Student: 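Please find one structure pasted underneath; my questions will follow.
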Amino acid sequence: MALNAIKSWLIAYDVADSRRLARVHRYLKSKAVPVQYSVFVTRASAVQIGAIRSALADLIDPKTDDVRIYQVPDSPELVVLGTKALPDGIQLLEGKEPGSFVAFTSSPPEAKLSLQLTERSHGRAG
């Protein structure tokens with residue numbers, strides 16, 4: 001992958017200590033969009049994901065914590081069971097800042113919705 005090519009990434013974590021958990025969650029909220037309690041998605045280059053990986057390595061204890069970063073294929077097959085993260089017709093596009101996304105609806109064209117997503121409002125971190 002070219003160092004500046006933007007790809008989608010899935011970041012999941014299991015952190016044993018509550019303080020480290022809060023730090024990891026807070027850090028990832030600044031770099032990615034939470035899709036479940038301990039799962040985030042972002043669009044980043046190899047350089048950007050390397051910086052995220054390095055920062056996460058500094059926040060965790062490698063003996064007890066587990067962080068996984070997966071590159072998502074360009075055309076992934078997605079199966080959702082249960083509550084969906086976004087309502088039907090809403091899609092995410094990369095925002096102007098790294099790790100930010102803009103939600104929009106493409107149908108009908110005259111009813112465009114555009115908003116900046118900063119975080120999902122789940123009451124629980126990690």
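Sequential numbering from 1 along the given sequence is applied to the chain's residues. Quick caveat: nothing in here was measured; it's all calculated off a predicted structure.
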Student: Can you tell me how far the CG atom of D74 sits from the NZ atom of K7, to the nearest 0.5 Å?
Tutor: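 Between atom CG of D74 and atom NZ of K7 there are 4.0 Å.
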Student: So does V41 get a backbone contact from the side chain of W9, meaning a donor-acceptor N/O pair under 3.5 Å?
Tutor: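 No, the answer is negative, given that no donor and acceptor are paired below the 3.5 Å cut-off.
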Student: Do the side chains of R68 and I11 get nearer than 4.5 Å, heavy atoms only?
Tutor: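 A side-chain contact under 4.5 Å is absent here.
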Student: Which atoms form the tightest heavy-atom contact between A12 and V39, and what is the distance?
Tutor: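 Here A12 and V39 meet closest at CB-CG2, 4.2 Å.
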Student: Could you tell me which non-hydrogen atom of Q48 sits nearest to which non-hydrogen atom of R43, and how far apart they are?
Tutor: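 Closest approach of Q48 to R43: OE1-O, 4.4 Å.
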Student: Give me the one residue out of R20, R23, R19 that meets salt bridge (charged side-chain N to carboxylate O under 4.0 Å, His left out) with D65.
Tutor: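 Among R20, R23, R19, the one that satisfies the salt bridge (charged side-chain N to carboxylate O under 4.0 Å, His left out) with D65 is R20.
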Student: To the nearest 0.5 angstrom, please state how far the OG atom of S45 sits from the CD1 atom of I6.
Tutor: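 Between S45 OG and I6 CD1, I get 5.0 Å after rounding to 0.5 Å.
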Student: Say whether, by atom type as modelled, one donor and one acceptor occur between the side chain of T42 and the main chain of K31 under 3.5 angstrom.
Tutor: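 Checking the backbone N and O of K31 against the side chain of T42, a donor-acceptor pair under 3.5 Å is found.
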Student: Suppose we call two aromatic rings close when their centres sit under 6.0 Å apart. Are F40 and H25 close by that rule?
Tutor: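 Close enough - the centres of the two rings lie under 6.0 Å apart.
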Student: To the nearest 0.5 Å, tell me how far L59 CG sits from L28 CG.
Tutor: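 If we round to the nearest 0.5 Å, L59:CG and L28:CG are 8.5 Å apart.
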Student: State, to 0.1 Å, how close Y27 and A51 come at their nearest heavy-atom pair, and which atoms those are.
Tutor: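 For Y27 versus A51, the nearest heavy atoms are OH-O, 4.0 Å.
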Student: How many angstroms lie between atom OH of Y13 and atom CG of L56, to the nearest 0.5 angstrom?
Tutor: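 Going from OH on Y13 over to CG on L56, the span is 9.5 Å.
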Student: To the closest 0.5 Å, what do you measure between CG (D66) and OG1 (T64)?
Tutor: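 Taking CG in D66 and OG1 in T64, the distance rounds to 10.0 Å.
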Student: Return the minimal non-hydrogen interatomic distance between L21 and V15, and the atom names on each side.
Tutor: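 Shortest heavy-atom separation between L21 and V15 comes out as N-CG1, 3.4 Å.
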